[in-house]
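Right, one structure below, let's go through it.
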Amino acid sequence: MNRSYFRFLAIFFFSIQSLALSQSIQNTVHNLSVSGPGAIKAESESEICVFCHTPHKANPIAPLWNRESPGTIYTLYNSSTLDASTGQPDGSSILCLSCHDGTIALGSVLSRPQDIVMSGGITTLPAGNTNLGTDLSDDHPVSLIYDVNLSTMDPELVDPSTLNGPVYLENGKLQCTSCHDPHKDIYGKFLVATNQNSDLCLYCHQKSGWQQTSHSQSTAQWNGSGSDPWYHTDYNTVSENACENCHNPHNASGHEFLMNQVAEETNCLVCHNGNVASKDIEAQLNKPYRHDVYLYSSVHQPEEAATVQTKHVECVDCHNPHQARNQAATAPDASGFIWGAKGVDTNGNPVSSVQYQYEVCYRCHADSPDKPGSSISRQIQQTNVRLEFDPNNPSFHPVEAPGVNNNVPSLISPYTESSVIYCTDCHASDGAAPAGPHGSIYPRLLKYRYETADNTPESYQNYELCYQCHDRNKIINSNTKFGKKVHREHIVGEDTPCSVCHDAHGISSTQGNSTNNTHLINFDVDVVFPNSNGQLKFVDRGDFSGECYLRCHGKDHRPKKY
């Protein structure tokens with residue numbers, strides 16, 4: 001036999017020995033004997049198994065348990081999404097807690113008249129992540145019945161009959177040993193299977209759309225700002241365990257839903273501040289006009305109605321972190337960033353997963369009792385934007401469907417009279433900031449500047465929002481009827497803002513009509529008043545032709561014809 005063969009045998013037997021040791025309690029921190037590799041171990045006790053098991057004088061609880069049960073009443077996990085009925089820990093879970101709740105001395109075993117002395121004066125499990133305490137409200141629930149009734153109530157839980165691999169149920173219950181094997185530490189934290197890419201979590205939890213979401217592919221989002229692509233407790237890097245980027249199965253700071261952070265938005269912004277995700281959303285949320293996620297805490301609930309009853313806004317009101325992905329769309333379809341979010345449709349009905357972007361906006365800005373109102377005093381007041389954008393209206397900006405006006409000469413290509421736009425074409429972070437209505441330097445969370453104060457001099461800068469779609473040259477051109485008589489005379493000659501005559505959203509068909517409210521006509525009554533005959537109205541007389549009955553800038557129109 002040559003030297004290479006002996007070298008192969010040496011490597012082979014070393015590998016077998018290493019594998020055997022990796023599957024033995026001997027080289028894990030559960031070896032509390034004097035030979036244990038961890039910082040917590042006995043002063044002189046050489047037996048390994050004695051800390052949990054004994055062949056004689058055992059606790060009646062299998063398997064030959066060598067410790068007293070804690071006898072503690074624990075504070076249990078609870079949340080609005082918990083369908084399981086939970087009780088006090090039992091089975092193997094109560095055995096684990098005889099050490100891990102920190103109430104019984106580690107060396108207190110039934111087979112010895114005296115406690116085994118631990119080195120360094122340690123008695124109970126020291127404070128830290130492994131000492132769960134008696135408050136289990138921040139830990140994944142255990143000792144719960146996991147049966148087909150539970151998976152039927154929650155379709156995102158797998159059928160328990162499929163749990164025939166490393167994750168198993170103990171007498172039909174989920175216990176600590178469903179996820180942890182106390183004798184083997186092959187995957188770290190005594191897990192029964194790897195949790196890389198959340199594999200262990202996915203044995204039970206099958207969140208709709210999760211496999212395709214960007215969050216399930218966390219390492220692909222890592223921008224290299226940390227030392228390695230694993231997400232640690234300092235939140236500087238991102239983990240291959242996607243679930244634990246947001247959730248912590250033990251000692252969660254946000255007890256309900258087991259969130260890493262108490263403040264809902266912090267769980268998102270720990271990545272979406274530019275350190276991990278490529279877009280810095282946090283910077284947008286610190287702008288003067290924003291969806292203020294910092295203003296509310298513990299108000300949002302995943303199970304709340306689609307129509308928001310109590311005013312609040314959190315990231316998860318618009319984004320479903322289990323389904324969101326980088327998937328483009330065209331108006332009015334919802335992009336991947338808001339897939340799986342709740343909404344309200346054009347008829348006011350709740351939608352569990354939006355199809356159109358405006359359905360997300362309608363959650364708060366339509367039938368919600370605390371919806372914000374307009375900052376402009378309109379002749380026709382309407383705060384329900386769902387009614388303003390209704391395609392049956394006399395006029396509306398084309399958010400749900402193409403507009404009713406078939407002759408709009410000011411539109412800039414590629415916009416046409418058949419175009420449909422997003423709410424976020426107007427309401428979004430300003431400038432080149434990340435897409436979406438996160439924060440802006442302009443009032444009403446507008447993407448561009450839009451002045452509404454009377455006597456504002458016309459300029460591209462003052463009406464930059466309008467001029468994104470409408471050609472400024474055609475609006476103020478003195479050589480056309482559309483320009484000179486209808487627009488230039490007002491916005492250039494009288495310094496009258498666009499908003500004095502036009503209501504940017506639309507006029508509900510329940511309040512306006514196709515004679516007086518075409519072309520988004522809905523006067524700002526802080527600027528426009530009834531004429532000397534008490535009349536305040538616009539009358540449509542056809543293309544680029546109409547009459548105004550009103551008083552504005554001291555001029556009495558009885559009527560003024562265009």
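- Side chains of H505 and E388: a donor-acceptor N/O pair is present below 3.5 angstrom, by distance only.
- The environment of CD1 in I421 is crowded: more than 12 heavy-atom neighbours from other residues, nucleotides or ligands sit within 6.0 Å.
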* I would like to know whether F389 and Y362 meet side chain to side chain contact (heavy atoms under 4.5 Å, CB included); could you show each step before the answer? => CA-CA 10 Å; F389 287 123; Y362 289 174; 3.4 Å; yes

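- Applying the side-chain hydrogen bond (donor to acceptor under 3.5 Å, both in side chains) rule to Q382 yields the partners Q511; only residues at least two apart in sequence or on another chain are considered.
- For the atom pair CD1 (I281) and CG (L269), the distance works out to 8.5 Å, reported to the nearest 0.5 Å.
- Side-chain atoms of D139 and H250 form a donor-acceptor pair, as typed in the model, at a separation below 3.5 Å.
- A 6.0 Å sphere centred on NZ of K279 holds no more than 12 heavy atoms belonging to other residues, nucleotides or ligands.
- A side-chain N or O of H300 and one of D317 form a donor-acceptor pair less than 3.5 Å apart.
- Aromatic ring centres of F337 and H319 lie farther apart than the 6.0 Å criterion allows.
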* To do: Begin from the C-alpha positions of D367 and R386 and carry the test side chain to side chain contact (heavy atoms under 4.5 Å, CB included) through to its verdict.
  => CA-CA 8 Å; D367 302 282; R386 179 176 63 82; 2.9 Å; yes

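- Side chains of S368 and T307: a donor-acceptor N/O pair is absent below 3.5 angstrom, by distance only.
- Between the side chains of T103 and D101, at least one donor N or O lies within less than 3.5 Å of an accepting N or O.
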* Run the side chain to side chain contact (heavy atoms under 4.5 Å, CB included) check on S98 and W65 step by step: do they pass? -> CA-CA 11 Å; S98 68; W65 197 243; 3.7 Å; yes

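- For the side chain to side chain donor-acceptor pair (under 3.5 Å) criterion with S143, the lone passing option out of Q88, Q175, E170 is Q175.
- In terms of heavy-atom proximity, Q211 sits nearest to L202 at NE2-CD1, 3.6 Å.
- Aromatic ring orientation, H215 versus H272: perpendicular (interplanar angle above 60°, classes split at 30° and 60°).
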* Asked: Can you list the steps and then say if Q357 with T424 is a side chain to side chain contact (heavy atoms under 4.5 Å, CB included)?
  -> CA-CA 9 Å; Q357 186 201 74; T424 52; 2.8 Å; yes

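- Environment of CD in Q381: crowded, with over 12 heavy atoms of neighbouring residues, nucleotides or ligands closer than 6.0 Å.
- Checked against a 6.0 Å centroid threshold, the rings of F257 and H247 do not count as neighbours.
- Using modelled atom types, no side-chain atom of E400 and backbone atom of T346 make a donor-acceptor pair closer than 3.5 Å.
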